[in-house]
Amino acid sequence: MDLLNPSLPTPLQELSHEILDRAEVKLLIKRDDLIHPIVSGNKWRKLKYNLIEAEETKQKAILTFGGPYSNHLYATSAAGKAMGFETIGIVRGEDNELNQTDTLKFCKEQGMKLHFVSREEYRKRNTLSYLHEIVKKFNYPFLINEGGTSSHGLKGVTEMVTEVGEQLGNQPDYYAVSAGTGGTTAGILSAGENVLAFSALKGGEFLEADINELLSSFEHRGKLKLFTEYHFGGYAKYNSELLDFMNRFNSDFDIQLEQVYTGKMFFGLFDQIRKDYFPKGTTIVAVHTGGLQGLL
Ligand SMILES: *Cc1c(COP(=O)(O)O)cnc(C)c1O
């Protein structure tokens, strides 16, 4: 299976900045944004073993879930098409003008069939009885969880951790990652490494329980530190302070972030470094999880 010819391993680059020098923190960025222009970052990592399973079990169609701005729907529609699967997206929200986003337009162009459901219905997306119902309704497609977040998804993420170990010669004290469903966070923890997770959503405290649930079958896992205060008003919300930070980051490092996930994560990480949260000599690998198609 060549999932659209990924570019692997992705580069690991050290960032240099006076804030890092002053704190004596070594910060590297894992450029998973460069895996593939469409199936980028953690979505590629999380889809990989889901799609291998679908291929091996000779599935015709794939069904998955997401919101109108979902990088996961975007990635699944393109990867599914490239691999010859029909794709069905269950979309949170009404089928109205407001939800005709560029993301969903792209999904349709890839041939994804979109099925809009109310927020109440969407909330049931991980319950067995609902999944039985939906699978029957769409003639038994292969199911991929929201965000690709499943045991297959976690397995793909551990390969990123292995790459970093090889590139760095050892593992860092922490990985830093943006969290939406918590699947990427859980994948790194499942590999035994420590994670600083920055919630992209308001009220992200729930992520801790979701992540523990995903890790229930893993005995050996890393430590989680969850930051919930860098949400900028909620999922996909932003302000000029965040956009200014992203612009400065781009001019300092020549690396583009986006405002939904990676912008907030790096904002929070630099804030914590500036506030001396980390002991001197700490090494952090921050994962650029991609998502640049969602850039404003
Ligand atoms: C989906 C996404 C995330 C969130 O990943 P989870 O595994 O759902 O926590 C982070 N960054 C980007 C760019 C994403 O597209």
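Ligands are counted one by one from 1 in listed order, and the atoms in each one are counted from 1 as well.
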(message) Students should find this: residues with any non-hydrogen atom under 4.0 Å from ligand 1. What is the answer?
(response) N42, K43, K46, N71, S178, A179, G180, T181, G182, G183, T184, Y261, T289, G290, G291
(message) If you count heavy atoms of other groups shown closer than 6.0 angstrom to CZ of F245, is the number above 12?
(response) yes
(message) Enumerate the salt bridge (charged side-chain N to carboxylate O under 4.0 Å, His left out) contacts for residues 82-92, please, sequence neighbours excluded, ordered by first and then second residue.
(response)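 Residue pairs with at least one partner in residues 82-92: E86-K113.
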(request) May I ask you to decide whether K155 forms a salt bridge with E53, counting only side-chain N to carboxylate O separations under 4.0 Å? (result) no
(message) Assess whether a salt bridge exists between K124 and E133, defined as any Lys/Arg side-chain N lying under 4.0 Å from an Asp/Glu carboxylate O.
(response) no
(message) Can a side-chain donor-acceptor contact be found between T87 and K81 if the only test is distance below 3.5 angstrom?
(response)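 Their side chains do not contain a donor-acceptor pair, so the 3.5 Å distance test is not met.
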(request) Measure from the ring center of F227 to the ring center of Y277 and say whether it is less than 6.0 Å. (result) yes
